[in-house]
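Beneath this line is the structure, given in structure tokens, with notes to follow.
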Amino acid sequence: MVGETESPSKPSEEKKMSEAQIILTKCDEKVDAKATKTPNGDETAGVSEENPSKKVRKRTKRRKLNPDAPRYPLTGYVRYTNERRASIKEENPSKSHIEITKQLATEWLELPEEKKQAYMNEAEKDKMRYLEEMKEYSKTHNVELRRKKKKKKGNKDTAAENDGETKEKPAESTSVPQTAEKPLKEGDRDIQIFTEEFLEHNKEVESELKIVRKKLTDLQQQNSNLERYVESMKGGVEKLQIEQNALNTKNSALEKYLKELRTLLSTALQGIPLPDKKLLPTMENIDAYMHELSNLNGSPATLTKAKEAIRKLDFQSINT
């Protein structure tokens with residue numbers, strides 16, 4: 001049928017009998033074949049009316065193509081018919097498929113060469129694409145075919161050997177009891193299904209899968225617990241960081257307050273030396289001076305002066 005992909009081994013438009021002429025001939029043959037039908041609707045027994053000795057070719061079943069194989073290239077004539085068929089069918093809805101095909105073939109034969117050349121160029125590009133893809137496809141497909149043929153040949157040789165042994169020793173094959181099957185090995189996958197070994201192997205695999213699933217569930221639970229623990233630890237770390245920042249701010253304020261207090265006390269008590277040690281207060285020794293002053297018992301006059309000086313101080317002026 002026109003519109004399907006054509007094999008690159010078929011004749012091209014450059015042959016003596018073009019593709020369009022072949023289509024016209026086939027359409028005429030189909031019309032003649034319909035005319036040879038009996039009144040009951042049955043065709044004559046595969047014989048053409050014009051040439052009784054010539055048998056009508058029967059349609060053979062198309063071989064299924066590998067879906068992974070490259071798409072066949074379209075010829076210029078097929079490209080033209082694919083482009084024109086829908087419009088002709090709309091313009092002439094009463095025409096049959098054969099009549100539309102004949103009209104397309106006639107149009108192609110009458111088409112100017114410069115217009116044909118555009119379709120031919122596209123067909124040539126498509127053919128080059130097909131040849132490139134076929135090279136890549138053959139590299140893997142041919143290897144696979146050789147592997148299958150080799151395996152098939154090996155199976156046939158084994159079957160032939162088994163048949164020969166059976167013919168040579170028919171009595172032994174019937175009298176000898178069936179030998180015990182080979183024990184199942186770990187990792188052995190060549191087991192016939194629904195046998196005792198196969199079912200036993202499935203039970204072992206299923207028990208191992210149950211153990212693995214249980215371990216996986218336990219690990220997932222542990223992972224979930226660890227994630228929650230990590231989240232709680234992150235929250236605790238953030239809380240401690242906030243508290244540390246607050247304490248650092250408070251310590252800085254207290255250090256500043258203590259420095260200003262020492263400055264204020266050392267200035268106010270500058271003129272009141274301790275009687276025994278003649279120690280005058282400074283920024284470096286104000287702490288020791290205040291400790292000695294609090295333990296002073298024999299000089300009430302010095303204590304009185306210190307108290308009066310401290311009472312006059314304005315502690316509100318210190319920035320907190």
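Quick caveat: nothing in here was measured; it's all calculated off a predicted structure.
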Within one Ile-Leu-Val-Met-Phe-Trp-Tyr cluster: L258 and L264, side-chain cutoff 4.5 Å: no
Charged N-O contact under 4.0 Å between E308 and K305: no
Residues which pass side-chain hydrogen bond (donor to acceptor under 3.5 Å, both in side chains) with N121, listed by chain and number, not counting sequence neighbours: Q117
Side chain to side chain contact (heavy atoms under 4.5 Å, CB included) between E200 and E197, worked out: CA-CA 5 Å; E200 187 66 25; E197 289 80 6; 5.7 Å; no
Residue pair T282 / N285, side-chain heavy-atom distance below 4.5 Å: yes
Audit row: Q241, E238, side chain to side chain contact (heavy atoms under 4.5 Å, CB included) steps and yes/no: CA-CA 5 Å; Q241 189 69 33; E238 291 177 358; 5.6 Å; no
In one Ile/Leu/Val/Met/Phe/Trp/Tyr side-chain cluster, 4.5 Å: L261, M290: yes
Interatomic distance, K102 atom NZ to S96 atom OG [nearest 0.5 angstrom]: 9.0 Å
Non-hydrogen atoms of A309 and A268 that approach each other most closely: CB-O, 3.9 Å
L131-Y137 co-clustered via ILVMFWY side chain contacts under 4.5 Å: yes
Derivation and outcome, ring-ring contact (aromatic ring centres under 6.0 Å, His included), residues Y77 and Y119: CA-CA 7 Å; Y77 171 69; Y119 296 99; over 10 Å; no
Please tabulate, one pair per line, all N/O donor-acceptor pairs under 3.5 Å involving side-chain atoms of residues 205-217, not counting sequence neighbours.
unit_1, atom_1, unit_2, atom_2, d
S207, OG, K203, O, 3.3
S207, OG, E204, O, 2.6
K214, NZ, D218, OD2, 3.4
T217, OG1, R213, O, 2.8

Single-linkage hydrophobic cluster, 4.5 Å side-chain cutoff, I286 and L254 together: no
Test log, rule side chain to side chain contact (heavy atoms under 4.5 Å, CB included), inputs Y80 and E107: CA-CA 10 Å; Y80 175 77; E107 288 183 2; 2.9 Å; yes
Counterpart residues, ring pair (Phe, Tyr, Trp, His ring centres under 6.0 Å), relative to Y289 (two or more places apart): none
Gap separating the CG atom of L265 from the CE atom of M283, nearest 0.5 angstrom: 10.0 Å
Main-chain N/O of E122 paired with D126 side-chain donor or acceptor, under 3.5 Å: no
Test: E133 and R129 ion pair at under 4.0 Å: yes
Minimum side-chain heavy-atom gap T75-M120 below 4.5 Å: no
Heavy-atom pair of closest approach, residues P93 and E90: CD-O, 3.7 Å
Nearest atoms (heavy-atom pairs only) where Y130 meets P73: CG-CD, 3.4 Å
Contacts of N295 that satisfy side-chain hydrogen bond (donor to acceptor under 3.5 Å, both in side chains) - sequence neighbours left out: H291
Rounded distance (nearest 0.5 Å) linking atom CG of L74 with atom NZ of K127: 13.5 Å
Which residues share a salt bridge (charged side-chain N to carboxylate O under 4.0 Å, His left out) with E124, sequence neighbours left out: none
Rounded distance [0.5 Å steps], OG1 in T81 versus CD1 in I100: 12.0 Å
L269 side, atom CG; K307 side, atom NZ - distance, nearest 0.5 Å: 13.0 Å
Shared hydrophobic cluster, Y257 / L313 (ILVMFWY, side-chain heavy atoms < 4.5 Å): yes
Any donor-acceptor pair under 3.5 Å from N248 side chain to Q244 backbone: yes
Donor-acceptor under 3.5 Å (N92 side chain, K89 main chain): no
Criterion side chain to side chain contact (heavy atoms under 4.5 Å, CB included) on K125 and M128, from CA distance to verdict: CA-CA 5 Å; K125 292 180 182 178; M128 298 303 295; 5.8 Å; no
Any residue meeting side-chain hydrogen bond (donor to acceptor under 3.5 Å, both in side chains) with K95, in chain and number order, not counting sequence neighbours: Q103
Reported CG-to-CG distance for the pair N245 and L240, which is rounded to 0.5 angstrom: 11.0 Å
S224 and R228: CA distance, side-chain angles, deciding distance, side chain to side chain donor-acceptor pair (under 3.5 Å) verdict: CA-CA 6 Å; S224 178; R228 288 197 296 269; 3.0 Å; yes
